[in-house]
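Right, one structure below, let's go through it.
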Amino acid sequence: MRHRRLTLYIFLWSILTALIPVGLLFLFLGAPHDFFIPVLCAGLIFMLFCIYKIHSLLRSRSRYIHGEWTLTDLDDISGADFEALTCDILVSNGFELAKNTKASGDFGVDVLAFRDGISFAIQCKRYNYDVGIEAVQQVYAGRAYYECHVAMVLTNQYFTPAAQKLADKIGVVLWDRDMLEQML
């Protein structure tokens, strides 16, 4: 989705950069000032908006660079940023696609990822304590809702013994702090 928006803004910016010199030529060759000056100002404002959007989208796309992040960095970001960064981490580690689900009403799944024809429903937990059994239950239900092959919980911490026991029993994959460190 971000890629399509970036392409759109680049396309609009390109059109405006081509039209502005034409508008300036008309302005200086005797076209009516009461028409071209407002149009030219609106075009310049829209061009600045496009440049701003291109810059912000490029900056958000390159948040994760393999090897630059540490677990301490991940401990300090918000849960929403952790989910977004998880997508970039997964893609840099061989997943073909990783995308966030909507923020609310996600049925216990934060990220949908695909690798070698296998779909993954992933619950991301950026906590300051060990992850409990609820996360395992949520992602197991969410896997069925999204019709994915694998249910997984990814965290910056570790899992409680109850969460590990349930995950082993129902086949949920648990990636803890140690696995996350290997992926960074």
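Here the structure is a predicted model, which means the values were calculated and not measured.
C124 has its side chain within reach of I122: a pair of non-hydrogen atoms, C-beta onward, lies under 4.5 Å apart. Within the 4.5 Å cutoff, no side-chain heavy atoms of L166 are placed close to those of V172. Two residues are said to be in side-chain contact when any heavy atoms from C-beta on lie closer than 4.5 Å; L112 and Y146 meet this criterion. Looking at heavy atoms from C-beta onward, L97 lies out of side-chain contact with V91 at the 4.5 angstrom threshold. Within the 4.5 Å cutoff, the side chain of F114 has no heavy atoms near those of the F95 side chain. Using a 4.5 Å cut-off on side-chain heavy atoms (C-beta onward), N100 and C87 make contact.
Once rounded to the nearest 0.5 Å, the distance linking OG of S119 with CD of E147 reads 9.0 Å. In this structure, CG in D130 is found 6.5 Å from CD in Q157, a value given to the nearest 0.5 Å. Between atom CZ of residue F82 and atom CG of residue D76 there is a gap of 12.5 Å, rounded to the nearest 0.5 Å.
Looking at residues two or more places apart in sequence or on another chain, you find no side-chain hydrogen bond (donor to acceptor under 3.5 Å, both in side chains) involving T160. Judged as a ring-ring contact (aromatic ring centres under 6.0 Å, His included), and not counting sequence neighbours, the contacts of Y127 are Y129. For the side-chain contact (heavy atoms from CB on, under 4.5 Å) test, residues two or more places apart in sequence or in another chain that qualify with A135 are Q123, K125, V131, V153. Listed by chain and residue number, nothing satisfies the ring-ring contact (aromatic ring centres under 6.0 Å, His included) test with F159 (two or more places apart in sequence, or in another chain).
In this structure a side-chain-to-backbone donor-acceptor pair under 3.5 Å is missing from D110 to E83. Side-chain atoms of R143 come within 3.5 Å of backbone N or O of C148 as a donor-acceptor pair. No donor-acceptor pair closer than 3.5 Å links the side chain of H149 to the backbone N or O of I118. A donor-acceptor contact shorter than 3.5 Å is absent between the side chain of D81 and the backbone of I77.
Nearest heavy atoms, A113 versus L90: CB-CD1, 4.1 Å. Heavy-atom minimum distance, A121 versus V139: O-CG2, 3.4 Å.
Here salt bridge (charged side-chain N to carboxylate O under 4.0 Å, His left out) pairs that include residues 159-174, with residues two or more places apart or in two chains, number zero.
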Tell me which donor-acceptor pairs under 3.5 Å the side chains of residues 174-181 have, and how far apart each pair is, sequence neighbours excluded?
from, atom 1, to, atom 2, distance (Å)
D176, OD1, D178, N, 3.1
D176, OD1, M179, N, 3.3
R177, NH1, D75, OD1, 3.0
R177, NH1, D75, OD2, 3.3
R177, NH1, N156, O, 2.4
R177, NH2, D75, OD2, 2.8
D178, OD1, Y158, OH, 2.9

